[in-house]
Participant: 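One structure follows; several queries about it will come next.
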Amino acid sequence: MVDYLARLNPEQRAAVETLEGPLLVLAGAGTGKTRVLTTRFAHIVLSGRAGPHQVLAVTFTNKAAREMRERLSQLLNRPVEGLWLGTFHALSTRILRRHAALVGLSSAFTILDTDDQQRLLKQVMEVERIDTKRWPPQLVMSLIQRWKDKGLTPDRVPETEEAEIGAGRGRALYAAYQERLRALNAVDFGDLLLLTTELLRTEPEILAQYHRLFRYILVDEYQDTNLVQYLWLRLLAQGHRNICCVGDDDQSVYSWRGAEIENILRFEKDFPGARVIRLERNYRSTAPILAAATGLISHNQCRMGKTLRPIEETGQAEPVQIVELHDSDEEARMIGERIERLRREGHKLAEIAVLVRAGFQTRAFEERLITIGVPYRVIGGPRFYERTEIRDALAYARLLVHPSDDLAFERIVNLPRRGVGETAMRSLHERARAQGVPLTAAAAELLAENALRGRAREGLGSFLANLERWRGALEEAGHVATMARVLDESGYIAMWQEDKSPEAPGRIENLKEFIRALGEFETLAGFLEHVALVMENDENAAGDRLSLMTLHAAKGLEFDTVFLPGWEEGLFPNQRALDEGGVKALEEERRLAYVGLTRARRRVIVSFVAFRKLYSGWQSAFPSRFLEELPDHAVERITSAAWQRTAQAASGGVFRDGSSLVLRGGGKEPPRPGRQTPFAAGVRVFHEKFGYGTVTAVENDWLEIAFDKAGSKHVLDRYVEPA
DNA sequence: AGGTTAGTAATTTTT
DNA sequence: TTACTAACCT
């Protein structure tokens, strides 16, 4: 037997060797999913069924693609390049650039990011006279994005849905936005998928060409695919029908981003004759952790069904701990203490993670970790290429490469200040629209005609002259030196140097890093393409550090010890998710809890509090319903009092100075337990801003009130008085 | 044109 | 509480 096959368990082997026809591999957490995927790819090649270039391998993230490429090159024992292995978006771009003309683009189209998308849509909405206050562009954008996720071009958006947004003009806005994109020779992320699918659907010869090329298709994280991605895959798989999707329905947590768990649940219907193989042997976690996770997820209705089994019974495995605490400060303190203890016992910080439901929760822990001196890193913060200064620098670069990039022009024409304000921009826009030319050209025209006055003329004049000069330098001095020069001569660096805000020095550092990053690419255009598709963080900050991140960001990672704080109703499961998505959302929240639990190899500490500091005040909370869903035999429940006893008993415990038991005075003190809201459903109330209304529901100190004038609102009881 | 202040809203995030 | 935006003032 070939030795790479010998290293697999029977299910994994079946997943690797079942090559013909559709196959769904249901891979539970920690069951060797990546190994199966890469080994399968290698097996296709090594068994001589297809060349490496005849396999299409699709992932969601660049990280996953990179990992797969590396492991594949190890298995094949040679470097692998130019493979059809990448993200849906990168592969779509590659296909689309080849046939751009067929979808009305030139092959040098630019890819807009979220920020550009929103600016553009806002402009479109202003032109269409839509109140952007009533209809935030962000909201409209998300609906357009959702339509794109479903494979709907403007003409295919159902009439019932278009009434939803922009005063019933949703579809018109979508169409206008698409028109603007086309005029700019630009696409957004959604378009990459949508246009590729359209291309494959309307051009049978091209589709046939790809059918001939791709003899095998591999898909990672299938539970996260949306409808267009499914259509995209289905079109390409029609050829040989050798499609293998790997995923875990219990880890589908991106529905709010358009992912449809139905894709994986429906697989056998979508691909008749499909085989399904379950990977249930878990190589990661202890028996109690798996029992807790399995018990919890069994409360979901909407799933394929799968049971994680530990590899062997480990007698002394720790139960999952559930710690009850009085308030959120105490929770941060408890976790800090436990981390210090683990550290003293010789555990690496890099093997410990604190996973929270929402980003803002990390702050409390950061503060605590700083005071006790534990090095940490926050994963999934603002990404490098999304920082203001980097996006500005990118706009300069884009304008050099594409003089017609209006969005880039607008972003930096007055940054730093060049006296080009609203008035000047209005005349530029008017001219550009009238002549059908880009803003740069319009500016040149107006300058030549002496149609601009004062500082705007000076500023624009030297700006355009500079652009020309820099473009010349690009040829002679190369892109790295030129961009450094651009940032300097434009006054952009100086702008931040003069800025007194605390983050300014960091921004200048980032700009230096930006110049360094440029050096890794042959050309500026190549760099821009990379940036558009690979918006990732460099989170490889060295050293032994604790990880702090959201549950979403933790998917795919694993740690020895995992802390799961904030298991309270409203926070987790998240109230807003529940309000918007009902039972489906609750199940997704539960899957998120499942993801959290299964990140741990050896230890899980779940915690919840009675009072949580939120924004300015304290809020009371109930334990999360998920806590009751954890099977008793797998958990150990520790009450606040019990925890205090153990802490006191432990040498060097929290209460060394005896002060921690006394809550600090003033506004920092959380409210006493047992407080009851004086309001009940049906009671008439008055609110300073919303006026009179009737209470329709009560949850803790939150009231749902139907106001006579202002509609239905969710408010805290302390802001209303009996009418 | 540009700086200042008041008002408002606050999940999850990759490409 | 903070962070961001829009209206307002100079």
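Below, chains carry the letters A, B, ... as their sequence lines are ordered, and counting in each starts from 1. Excluded from the calculations below are hydrogen atoms, water molecules and symmetry mates; all remaining heavy atoms, backbone and side chain alike, are included.
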Participant: So which nucleotide from B:dT11, B:dA1, B:dT14 ends up closest to the side chain of A:Arg383?
Facilitator: B:dT14
Participant: Just compare B:dT11, B:dT15, B:dA1 and give me whichever is closest to any side-chain atom of A:Arg455.
Facilitator: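 My answer, after comparing the listed nucleotides, is B:dA1.
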Participant: Measure CD/A:Glu126 against P/C:dT5 and give the value in whole Å, please.
Facilitator: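 The distance from CD of A:Glu126 to P of C:dT5 comes to 14 Å, rounded to the nearest Å.
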Participant: Identify, between A:Leu592 and A:Glu386, the residue whose nearest nucleotide on DNA chain B lies closer to the 5' end.
Facilitator: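 Its nearest nucleotide being more 5', the pick is A:Leu592.
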Participant: Between atom CG in A:Leu614 and atom C1' in B:dA10, what is the gap in whole Å?
Facilitator: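 The answer, rounded to whole Å, is 9 Å.
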Participant: Where the side chain of A:Glu589 is concerned, which of C:dA6, B:dT11, B:dT15 is the nearest nucleotide?
Facilitator: B:dT11
Participant: B:dG3 phosphate, OP1 or OP2: any side-chain N/O from A:Arg417 under 4.0 angstrom?
Facilitator: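 A:Arg417 to B:dG3 OP1/OP2: side-chain N or O found under 4.0 Å.
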Participant: Determine whether a donor-acceptor pair (one donor, one acceptor, N or O, separation below 3.5 Å) exists between the side chain of A:Arg357 and the base of B:dT11.
Facilitator: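 For A:Arg357, whose side chain was compared with the base of B:dT11, there is no donor-acceptor pair (under 3.5 Å).
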Participant: Respond yes when some side-chain nitrogen or oxygen of A:Thr550 is under 4.0 Å from OP1 or OP2 of B:dT11, and no when none is.
Facilitator: no
Participant: Within less than 4.0 Å of OP1 or OP2 of B:dT15, is there a side-chain N or O belonging to A:Asn62?
Facilitator: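 Result: yes.
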Participant: What is the distance from CD of A:Glu422 to P of B:dG3, rounded to the nearest Å?
Facilitator: 15 Å
Participant: Just say parallel, tilted or perpendicular for the rings of A:His530 and A:Phe521, cut-offs at 30° and 60°.
Facilitator: tilted
Participant: Give A:Gly190 one of three labels, base, sugar-phosphate or nothing, depending on what nucleic acid heavy atoms sit under 4.0 Å from its own.
Facilitator: nothing
Participant: Tell me, yes or no, whether the heavy-atom count around A:Arg94 atom CZ, taken from other residues, nucleotides or ligands under 6.0 Å, exceeds 12.
Facilitator: yes
Participant: Using modelled atom types only, decide if a donor and an acceptor are shared between the side chain of A:Arg97 and the backbone of A:Phe109 within a distance under 3.5 Å.
Facilitator: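 Answer holds: yes.
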Participant: Considering every strand and a 4.0 Å limit on heavy-atom distances, what is the contact class for A:Val253: base, sugar-phosphate, or nothing?
Facilitator: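 Answer is nothing: A:Val253 stays at 4.0 Å or more from every strand.
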Participant: Base, sugar-phosphate alone, or nothing: which one does A:Arg363 contact when heavy atoms must sit under 4.0 Å apart?
Facilitator: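 Sugar-phosphate contact only.
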Participant: In whole angstroms, how far is the P atom of B:dT12 from the CG atom of A:Leu586?
Facilitator: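 In whole Å, B:dT12 P lies 19 Å from A:Leu586 CG.
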Participant: Between B:dT13 and C:dT2, how far is it from one P atom to the other, in whole Å?
Facilitator: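 Here B:dT13 and C:dT2 have their P atoms 22 Å from each other.
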Participant: Report the distance from atom CZ of A:Phe109 to atom C1' of B:dT15, rounded to the nearest whole Å.
Facilitator: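 Spelled out: CZ on A:Phe109 to C1' on B:dT15 is 13 Å.
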Participant: Looking at A:Thr362 and A:Leu548, what are the two nearest heavy atoms and their distance?
Facilitator: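 Taking A:Thr362 first and A:Leu548 second, the nearest heavy atoms are O-CD2, 3.8 Å.
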Participant: Taking atom P of B:dT13 as reference, at what distance in whole Å does atom CD1 of A:Ile379 sit?
Facilitator: 12 Å
Participant: With heavy atoms under 4.0 Å as the rule, sort A:Asn414 into base, sugar-phosphate or nothing.
Facilitator: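 Touches sugar-phosphate only.
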Participant: How about A:Trp618 and A:Phe611: are their ring centres within less than 6.0 Å of each other?
Facilitator: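 Ring centroids of A:Trp618 and A:Phe611 are no less than 6.0 Å from each other.
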Participant: Across the strands shown, which category fits A:Ala577 at heavy-atom distances under 4.0 angstrom: base, sugar-phosphate, nothing?
Facilitator: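 Since a base atom lies under 4.0 Å of A:Ala577, the category is base.
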Participant: Going by an N to O cut-off under 4.0 Å, is there a salt bridge joining A:Asp115 and A:Arg411?
Facilitator: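 So A:Asp115 pairs with A:Arg411 through a salt bridge.
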Participant: Angle between ring planes, A:Trp496 versus A:Tyr492, binned at 30° and 60°: parallel, tilted or perpendicular?
Facilitator: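 Plane angle over 60°, so perpendicular.
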Participant: Please compare A:Thr61 and A:Leu578 by the position of their nearest nucleotide in DNA chain B and report the one closer to 5'.
Facilitator: A:Leu578
Participant: Tell me whether A:Phe88 and B:dT15 count as stacked here, given that the ring centres must be under 5.5 Å apart and the planes must differ by less than 30 degrees.
Facilitator: no
Participant: I need the NZ-C1' distance between A:Lys148 and B:dT15, as an integer number of Å.
Facilitator: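 That distance rounds to 13 Å.
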Participant: With respect to the side chain of A:Thr423, which nucleotide from B:dT15, B:dT13, B:dA1 is positioned closest?
Facilitator: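 Minimum distance to the A:Thr423 side chain belongs to B:dA1.
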Participant: Heavy atoms only, 4.0 Å cut-off, all strands: where does A:Glu580 land among base, sugar-phosphate and nothing?
Facilitator: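 A:Glu580: base contact, heavy atoms under 4.0 Å.
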Participant: Side chain of A:Thr114, heavy atoms from C-beta onward: which of B:dT11, B:dT13, B:dT15 has the nearest atom to it?
Facilitator: B:dT15
Participant: In this structure, how many angstroms lie between the C1' atom of B:dT13 and the CZ atom of A:Arg576, rounded?
Facilitator: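 In whole Å, B:dT13 C1' lies 15 Å from A:Arg576 CZ.
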